[in-house]
Student: 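Structure below; questions to follow.
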Amino acid sequence: MNGESVSTFRFLGLTFNTTNIISGLLAATIVFVVVFVLSRKIQLKPTGKQNVLEWMIDFTNNIVRGSVTNGDAPKFGLYAFTLFLFIFVSNQLGMFLQIGWNGVTYVRSPTSDPVITLTLSLMTIMFAHFSGVEKLGFKRYFKNTYLTPFVFWLPISIFTELIDFLTLGLRIYGVIFSGEMLLKIIGGMAFSGGPLMTIATVPISLIWQGFSVFLGSIQAYVFVTLTSVYISQQVQIEE
């Protein structure tokens, strides 16, 4: 039965979330194995599993090209590809695999925890800033980002970035967390109302899982799309 709390441990005075570590490593391992298998025996004329890999790469590259122009898009293709696969797998993990023991959950969707989603959001925002400074130089980048169209725009720009950081991370967290919670409720109903209730909740569970897979896929797409938009805002000069 799925636990309702998470496992933690302390190291050097800091508290670490064991559930997030295990779930995140599992999602990353799945991504690595999938890409490793699909990328074996690469040929000039793709066939079979290589077609699948190239389709995924083209899909994320097109997302980046839709926002980042002026020849900068190829620089961010690998980041978008890796980010999309990790978030996609993380979103789906808890829909099919939740492991708990003695009231403690050890495996779930990593993105059902705001710490994970906000970390991904912060990573994206920082990467966008780094890319802007790298291309434009700090002085030109700072003026383009915070002092355009006029100097007094600085407080608004900072506030906007804070909102972007929160919404990027909390949007995906809200969708995945609510999906897992409803799935737990359905599972609890199935095992507490007798055989008839169990039979009745099976189609409901399957329908909700399918819908949650769809939502998880959309959220991965939206996250990478917004990531591309944020990067484009930092590396391109506003006219």
Student: Does Ser90 reach the main-chain N or O of Thr111 with its side chain, forming a donor-acceptor pair under 3.5 Å?
Tutor: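 Absent.
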Student: Does Tyr221, at its OH atom, have more than 12 non-hydrogen atoms belonging to other residues, nucleotides or ligands within less than 6.0 Å?
Tutor: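 Counting neighbours around OH of Tyr221, 12 or fewer heavy atoms of other residues, nucleotides or ligands fall under 6.0 Å, so no.
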Student: Test your reading of the model: is there a side-chain donor-acceptor pair from Ser121 to the backbone of Thr117, 3.5 Å cut-off?
Tutor: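 No.
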Student: What's the spacing between Leu215 CG and Ile176 CD1 if we round to 0.5 Å?
Tutor: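 Rounded to the nearest 0.5 Å, the CG-CD1 separation comes to 7.5 Å.
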Student: Find out whether Val224 and Phe76 are in side-chain contact, i.e. whether some heavy atom of one side chain is under 4.5 Å from a heavy atom of the other.
Tutor: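 Not in contact.
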Student: With a 6.0 Å cut-off (strictly less than), is the heavy-atom count around CE of Met123, excluding the residue itself, greater than 12?
Tutor: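 Enclosed: over 12 neighbouring heavy atoms sit under 6.0 Å from CE of Met123.
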Student: Is it the case that one hydrophobic cluster holds both Val115 and Leu122, taking links as side-chain heavy atoms less than 4.5 Å apart, direct or via other members?
Tutor: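 No; tracing contacts between hydrophobic side chains, which count when under 4.5 Å, never links both residues.
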Student: Can you measure from CZ (Phe127) to CD (Glu134) and round to the nearest 0.5 angstrom?
Tutor: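 Those atoms lie 8.5 Å apart.
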Student: Treat each ILVMFWY residue as a node, draw an edge where side-chain heavy atoms are under 4.5 Å apart, and state whether Ile30 and Ile57 are in one component.
Tutor: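 Looking at the clustering, Ile57 is in the same group as Ile30.
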Student: Answer yes or no: is there a donor N or O on one side and an acceptor on the other, between the side chain of Thr15 and the main chain of Arg10, under 3.5 Å?
Tutor: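 No, because the side chain of Thr15 does not come within donor-acceptor range (under 3.5 Å) of the backbone of Arg10.
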Student: Tell me, yes or no, whether the heavy-atom count around Lys143 atom NZ, taken from other residues, nucleotides or ligands under 6.0 Å, exceeds 12.
Tutor: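 No, because the 6.0 Å sphere around NZ of Lys143 holds 12 heavy atoms or fewer from other groups.
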Student: Does some side-chain heavy atom of Asn51 sit less than 4.5 Å from a side-chain heavy atom of Trp55?
Tutor: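 SC-SC contact between Trp55 and Asn51 ruled out.
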Student: How long is the span from the NE2 atom in His129 to the OG1 atom in Thr145, to the nearest 0.5 Å?
Tutor: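 Reported to 0.5 Å precision, the distance equals 7.0 Å.
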Student: Heavy atoms only: give me the nearest Val235-Leu136 pair and the separation to one decimal.
Tutor: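 Taking Val235 first and Leu136 second, the nearest heavy atoms are O-CD2, 4.3 Å.
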Student: Evaluate the ring planes of Phe142 and Tyr146, with Trp represented by its six-membered ring, and classify them as parallel (under 30°), tilted (30 to 60°) or perpendicular (over 60°).
Tutor: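 It falls in the tilted class, 30° to 60°.
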Student: Apply side chain to side chain contact (heavy atoms under 4.5 Å, CB included) to the pair Leu38 and Met56, showing each step before the final yes or no.
Tutor: CA-CA 11 Å; Leu38 294 180; Met56 291 190 297; 3.5 Å; yes
Student: Picking from Leu26, Ile21, Thr19, what satisfies side chain to side chain contact (heavy atoms under 4.5 Å, CB included) with Ser23?
Tutor: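 Option passing the side chain to side chain contact (heavy atoms under 4.5 Å, CB included) with Ser23: Thr19.
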Student: Is any side-chain heavy atom of Asn20 less than 4.5 Å from a side-chain heavy atom of Arg108?
Tutor: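 Yes, side chains in contact.
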Student: Taking Phe86 as the starting point, is it possible to reach Ile218 by hopping between hydrophobic residues whose side chains are less than 4.5 Å apart?
Tutor: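 Per the 4.5 Å side-chain linkage, Ile218 and Phe86 are co-clustered.
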Student: Does Phe11 have more than 12 heavy atoms from other residues, nucleotides or ligands lying within 6.0 Å of its CZ?
Tutor: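 Not buried by this count: 12 neighbours or fewer within 6.0 Å.
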Student: Could you tell me if the side chain of Val34 sits less than 4.5 Å from the side chain of Leu85, heavy atoms only?
Tutor: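 No, side chains not in contact.
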Student: Which heavy-atom pair separates Asn91 from Ala220 by the least distance, and what is that distance?
Tutor: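 That closest heavy-atom pairing would be ND2-N, 3.9 Å.
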Student: Looking at CZ of Phe81 and CG of Asn61, how far apart are the two atoms once the value is rounded to the nearest 0.5 Å?
Tutor: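 So the gap between those two atoms works out to 9.0 Å.
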Student: Can you tell me if CZ on Phe16 sees more than 12 non-hydrogen neighbours from other groups inside 6.0 Å?
Tutor: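 More than 12 heavy atoms, drawn from other residues, nucleotides or ligands, come within 6.0 Å of this atom.
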Student: Taking a hydrophobic cluster as the set of Ile, Leu, Val, Met, Phe, Trp and Tyr residues connected by side-chain heavy atoms closer than 4.5 Å, whether directly or through intermediates, do Leu182 and Phe211 fall within one such cluster?
Tutor: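 Same cluster.
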Student: Restricting to non-hydrogen atoms, name the atom on Gln92 and the atom on Ser109 that form the minimum distance, rounded to 0.1 Å.
Tutor: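 Minimum heavy-atom separation between Gln92 and Ser109: C-OG, 4.3 Å.
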Student: Would you indicate whether the side-chain heavy atoms of Leu120 and Thr124 approach each other to under 4.5 Å?
Tutor: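 Thr124 does not reach Leu120 side chain to side chain.
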Student: Taking the side chain as everything from C-beta on, heavy atoms only, tell me whether Ile87 gets closer than 4.5 Å to Ile172.
Tutor: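 Yes; the side chains approach each other to less than 4.5 Å.
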Student: Going hydrophobic residue to hydrophobic residue with side-chain gaps under 4.5 angstrom, can you get from Tyr106 over to Leu93?
Tutor: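 Per the 4.5 Å side-chain linkage, Tyr106 and Leu93 are co-clustered.
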Student: For Tyr230 and Ser67, which I'm curious about, is there any donor-acceptor pair between the side chains at under 3.5 Å?
Tutor: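 Tyr230 vs Ser67: no donor-acceptor pair found between side chains.
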Student: To the nearest 0.5 Å, how far apart are CD1 in Ile63 and OG1 in Thr227?
Tutor: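 Interatomic distance, Ile63 CD1 to Thr227 OG1, rounded to 0.5 Å: 9.5 Å.
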Student: Between Gln234 and Glu161, what is the shortest heavy-atom contact and its length?
Tutor: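 Here Gln234 and Glu161 meet closest at NE2-OE2, 4.2 Å.
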Student: Would you compute the distance between atom CD1 of Ile163 and atom CG of Leu168 and round it to the nearest 0.5 angstrom?
Tutor: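 CG of Leu168 is found 12.5 Å from CD1 of Ile163.
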Student: Could you tell me whether the side chain of Val31 reaches within less than 4.5 Å of the side chain of Phe84, counting heavy atoms only?
Tutor: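 Heavy-atom side-chain distance check fails, nothing below 4.5 Å.
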Student: Does atom CZ of Phe59 have more than 12 heavy-atom neighbours, drawn from other residues, nucleotides or ligands, at distances under 6.0 Å?
Tutor: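 Buried by this count: over 12 neighbours within 6.0 Å.
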Student: Grab the two heavy atoms, one from Gly179 and one from Ser212, that are nearest each other, plus how far apart they are.
Tutor: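 Taking Gly179 first and Ser212 second, the nearest heavy atoms are CA-OG, 4.4 Å.
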Student: For Leu170 versus Pro114, what's the shortest heavy-atom pair and its separation?
Tutor: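 The pair with the smallest heavy-atom distance is CD2-CB, 4.3 Å.
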